[in-house]
Each structure stands twice: as C-alpha cells, then as structure tokens.
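Both ligands and their constituent atoms are indexed starting at 1 by order of listing. Quick note: residue numbers are just sequence positions, from 1.
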Amino acid sequence: MHTDLAFNFATYQAHRRKLVEERLGVYLADGAPPQLFDAMRYSVLSGGKRLRALLALSSAESAAPEGTDEAHLLAEADELALPCACAIEIIHAMSLIHDDLPCMDDDDFRRGKPSNHKVFGEAMALLAGDAMLVYALEILLKESSPLIDCRNLVRVARELCVATGAEGMVGGQVLDMAETGQTPGDEAGQLLDEIHRRKTGALIRFSVWSGACLMGASETLLGSLREFGEILGLSFQITDDLLDVTGDIKTLGKTPGKDQAAGKLTWVTVHGVEKAKAQLAVLEERGKAVLARTNLPGKRLAPLSALLEYAIHRSH
Ligand code: GRG
C-alpha cells in the first residue's frame, strides 16, 4: 500500500501539531506553585515533533465512521483523543527531563535548548517530572469527553500506566543502564530488542492503539494497530540510533554520538549501519502491509502510513 496520493502529510502534520500545541498550552496555562509550573511548561511547550500525539490522533481518525461530512467526523475523532494525546506528550516530556539528569544520561541540551535541570536545577527538574507524570493521568481522566465509554477510558488509563512503568519505559531504562558500558555478548541482539520494546516502543505502541480504543474500535482493528505500533516503535528507534551516528547537534537539538561514546547497546553498535538501513526498509513494507490488511479505506489509513514513513525518513 502506498500513502493516499490525495493526502498531504505536511498540511496534516501542521494542523494536528497546532491542535496539540494549543491544547497543551491550555492545560499548562497556570498552576501553583508557579516555579514548578514554569519548569513543567519549559519542557512540555518546547516543541518536539509531537510524533506520539499525532499517532494517537491518527489512530482515533482511523476508527472514525465514514460519512459525507468528512472534516466534521475527523474533527470529532481528534476532539475525543486530544486529552490522551496531550497526556502522552506530557509523559514523554517528563521522561526526557529525567533522562537528561546527571544521574542518568547527563545531557545538557534537549530540543535545541539547555536541559530542564540546567535551567531550573536538579531538584526542580526531578519534581517537575514527578508532577508531570501524575498530571498527565489527571488530564486524561478529567478532560476526556463524557461521550467516551468509561470502560474504554479506564482501559486506556491502565495501558498508559503499563507503557510508562516497570513493564514499559522505566523498565527499559533500567535494562539500558545495566547494559551500558558492558561488552556486548551473544545475547546482545535479543537484549537490545527487549530494551527498545520497553524504553521507546511501549509508549509509541500505546499511542498508536489508544486513539482507536477511545473511539470504541473493534478488537480486530485494535489488534492490527498494536501490531502496527510495534513495527513503528522499532522503526523509530532504529532511525534514532542511526541519527545518533549521522546527525549533528543543530539538526538533532541534542548531543549526537553520545550513545556510542557511552558504550550503549544500539542497533548500529550491534548490527551496523547497513543492516540497520536494510531492517528499516523491511519494517516499512511490513507496517504498510499490516495497515492494508485492516481493509479500512485508504483515506482512513493515510495519516498512520505517512507517520510510519516520517518516523523512518526524518532528519531529527
Ligand atoms: C517514565 C516515570 C518515568 C521515568 C523516566 C528516564 C526514563 C525513566 C526513561 C527514558 C525514556 C527515554 C527518554 C527514552 C528515549 C526516547 C527517545 C528516543 C526520545 C526522543 O523522542 P523524540 O525524537 O523527541 O520523539 P521529540 O523531542 O521530537 O519529542
């Protein structure tokens, strides 16, 4: 399947990003204590690709009913998924704050700006991250539309906890730290997959699944989206590992080459650049095949398909 020719990804991306940025601005407009909210706003409203939020929105759109007033149906789907999309971005931003701390990756730059702890100090960065973690769940539960079936909302909230905690991001970070600086053994490839599945894959998988779940999608579609999310998550991470080798600080907005220098397990250190590129080509085909098998109309799948391409072919 090729991305729908009538679909303009740049327009789609700009529009959905604006929706997300504006809504995040509303959710973080004020709050006390002000110094805590300053630190939270600094990281949440500092740009970023908003890939995960766009995945949640496009997932909801994929499950929208068909009808004559397309724009209206898609706007309704976006509205239902926006609090979740914002919650995901807030959790993602908090994970970046904690990841940059001296006790973790010790990075001074993020999204082209000094890291949160460089501006607000380590204690405040830690606390801002803590507050963001629970604020994200508060937003999901408080701001989601009453039109959403409560059972689906609870299911989404529970899966967000799973994707974030020991089974997901935090667990992945722990495995990553344990491996950093070790000489890769025979099991390196398997271990790397496990780290990626948890550390980056879990939240991306959740993003791709959550929007459709909030829309009350069938279990069959949800299963396909999980499979697609798995592929997209891995593609995203392999690309990230490649960019760490090929990117520069201006384009990436963070320090390149750090993974290699720190002796981290990455797709490039374990398999090499050429294998990583070949694997991306395989994953792109596979992801599109999974979407095609859903039998949804091409226009419903075009955003997800384009986001897979973007995750693979991006420059930062
Ligand atoms: C989640 C409670 C909790 C704690 C955090 C530090 C940590 C535990 C986990 C690390 C998770 C992490 C930072 C994974 C890296 C993911 C990654 C490749 C981030 C970059 O994502 P992009 O490129 O960033 O989407 P932008 O800036 O575009 O949003």
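- A side chain to side chain donor-acceptor pair (under 3.5 Å) check over residues 212-221, counting only residues at least two apart or in different chains, returns the pairs Arg155-Glu219.
- In this structure, Asp107 and His117 approach most closely via the heavy-atom pair O-CE1, 3.4 Å.
- With sequence neighbours excluded, the residues satisfying side chain to side chain contact (heavy atoms under 4.5 Å, CB included) with Glu227 are Val290, Arg293.
- Note on residues 23-35: pairs passing side chain to side chain donor-acceptor pair (under 3.5 Å), not counting sequence neighbours, are Arg23-Tyr27, Arg23-Glu79.
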Taking a 3.5 Å cut-off between nitrogen or oxygen atoms, can you list every pair linking ligand 1 to the protein, with distances?
| from | atom 1 | to | atom 2 | distance (Å) |
| --- | --- | --- | --- | --- |
| ligand 1 | 21 (O) | Arg52 | NH2 | 3.3 |
| ligand 1 | 23 (O) | Lys49 | NZ | 2.6 |
| ligand 1 | 24 (O) | His92 | NE2 | 3.4 |
| ligand 1 | 25 (O) | Arg52 | NH1 | 2.6 |
| ligand 1 | 25 (O) | Arg52 | NH2 | 3.4 |
| ligand 1 | 27 (O) | Arg111 | NE | 2.8 |
| ligand 1 | 28 (O) | Lys49 | N | 2.9 |
| ligand 1 | 28 (O) | Lys49 | NZ | 2.8 |
| ligand 1 | 29 (O) | His92 | NE2 | 2.8 |
| ligand 1 | 29 (O) | Arg111 | NH2 | 2.8 |

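- When atom types are taken as modelled, the side chain of Arg50 and the backbone of Val20 share no donor-acceptor pair closer than 3.5 angstrom.
- For the side chain to side chain contact (heavy atoms under 4.5 Å, CB included) with Ser210, the lone residue among Leu55, Ile88, Leu160 that qualifies is Ile88.
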